Amino acid sequence: MTNSFDRLDAWIDTHFDAQVQFLQQLVQVPTDTPPGNNAPHAERTAELLAGFGFTAERHAVPAADVQAYGLQSITNLIVRRPYGGNGPTVALNAHGDVVPPGDGWTRDPYGAEVDAGRLYGRATAVSKSDFSTFTFAVRALESLGMPLKGGVELHFTYDEEFGGEMGPGWLLAQGLTKPDLLIAAGFSYQVVTAHNGCLQFEVTVHGRPAHAAIPDTGIDALQGAVAILEALYAQNTLYRHVVSAVPGITHPYLNVGRIDGGTNTNVVPGRVTLRLDRRLIPEEVPADVEADVRRVILHAAATYPGITVDIRRLLLANPLKPLPGNRPLVEALRHHGEVVFGEPIPESGTPLYADARLYGERGIPAVIYGAGPRTLLESNAKRADEHVVLDDLRKATKVVARTLFTLLGS
């Protein structure tokens, strides 16, 4: 078996230039979400996969559903590689949708430029890199020409940024897949087995507009919103005392990420809208958290006479909790990670939320592992000059290929 692992490593080394070119071609097709026109990238990915002999099933989410969701197009891909026997089916999931580039780039965000051992571009770290990690790990596995048991599925999906329900969530709900195990896109220096959840609200504060010369004839929605904001931010002091037992996860946090309102400088604002994001640690119960946030908002609103409040839930992403069946994945990834990277690869949680939870909710043991640095900050993910270190990409591909052989090799 040691010789088989050496052969996997050697195949990946030999084909690494092709792997980098594959990733560059994926990065060069924009997938900014919003606006979320992601079907063209899925089509290009399917064409490139066909060049490797992989048939990608194209599963287009109905246009009406996508548009009602606030996006333009989604086509999710499944590549099935059945090997027979009674082994597990291992799914490898990465998402192609990304946040828009934003400002501050020193390179073309869709140029896929290689410089000093790094590949730059939007989604090079999260998570088009793992389109290539997972694809070339499977190619390496099959290059052995040895009997395998079970199977592999590549799930390349396009809705992680909006919550995943139209990506993996839709594939699972439609009964198009039900793997036994899942590896979701991640970084190279830890195996993530738990992650935070996320609750997002839109809060609309209604007052009554009036001319600024006669403000007493109106009800200032902005002042009412300020009372709500102060109450919400005060919760963060309390949240610091709600500590998670999961390494890598600290405490809950609440962020107000967007505020809109008013009509003109000389008009008392009659309506203000807030969008807030509440992160849930794995130990919290989402329904209890939602009820508590609503209570805080309504209590604060009641302190400013005349305003009314509408609260609309935008997203509820449950935390990922480890399932007992994840141990074969965890142990194989950690073992091969230590061999390939030359250092221990810990098991940890992450404060992010990810598509892995959608598999976990359906009883599929899931972990997060892929190509990338020790921290999200190091990669500039979702910031200017996002990049992946090519040595991490190469080594992570070896770790995933070795893990698949450990699980599926006869």
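What you see is a predicted model, and the numbers here were worked out from it, not measured in a lab.
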> Enumerate the residue pairs fulfilling salt bridge (charged side-chain N to carboxylate O under 4.0 Å, His left out) with a member in residues 301-313, sequence neighbours excluded, ordered by first and then second residue.
Glu202-Arg312, Glu290-Arg313
> Run the side-chain contact (heavy atoms from CB on, under 4.5 Å) test against Val339 and tell me which residues pass, sequence neighbours left out.
His335, Arg402
> Give every residue pair that meets the salt bridge (charged side-chain N to carboxylate O under 4.0 Å, His left out) criterion with at least one member in residues 252-267, sequence neighbours excluded.
Arg258-Asp260
> Residues two or more places apart in sequence or in another chain: which of them pass ring pair (Phe, Tyr, Trp, His ring centres under 6.0 Å) with Tyr120?
His387
> Give a yes or no on whether Arg240 atom CZ has more than 12 heavy-atom contacts from other residues, nucleotides or ligands under 6.0 Å away.
no
> List for me each residue that meets ring pair (Phe, Tyr, Trp, His ring centres under 6.0 Å) alongside Phe52, sequence neighbours excluded, and say none if there are none.
Phe22, Phe136
> Quick one: side chain to side chain donor-acceptor pair (under 3.5 Å) partners of Asp277, sequence neighbours excluded?
Gln200, Arg279
> Do any pairs count as a salt bridge (charged side-chain N to carboxylate O under 4.0 Å, His left out) and have a residue in residues 175-199, sequence neighbours left out, and if so which ones?
none
> Which residues pass the ring pair (Phe, Tyr, Trp, His ring centres under 6.0 Å) test with Tyr239, not counting sequence neighbours?
none
> Kindly write out the residues that satisfy side-chain contact (heavy atoms from CB on, under 4.5 Å) with Ala39, not counting sequence neighbours, or none if the list is empty.
Ser73, Thr75
> Could you check, using the six-membered ring where one of them is a Trp, whether Phe5 and His336 have ring centers closer than 6.0 angstrom?
yes
> For residues 165-201, which residue pairs qualify under ring pair (Phe, Tyr, Trp, His ring centres under 6.0 Å), counting only residues two or more places apart or in two chains?
Tyr189-Phe341
> Who passes side chain to side chain donor-acceptor pair (under 3.5 Å) against Arg357, sequence neighbours left out?
none
> Looking at residues at least two apart in the chain, or sitting in another chain, which of them share a ring pair (Phe, Tyr, Trp, His ring centres under 6.0 Å) with Tyr158?
His41
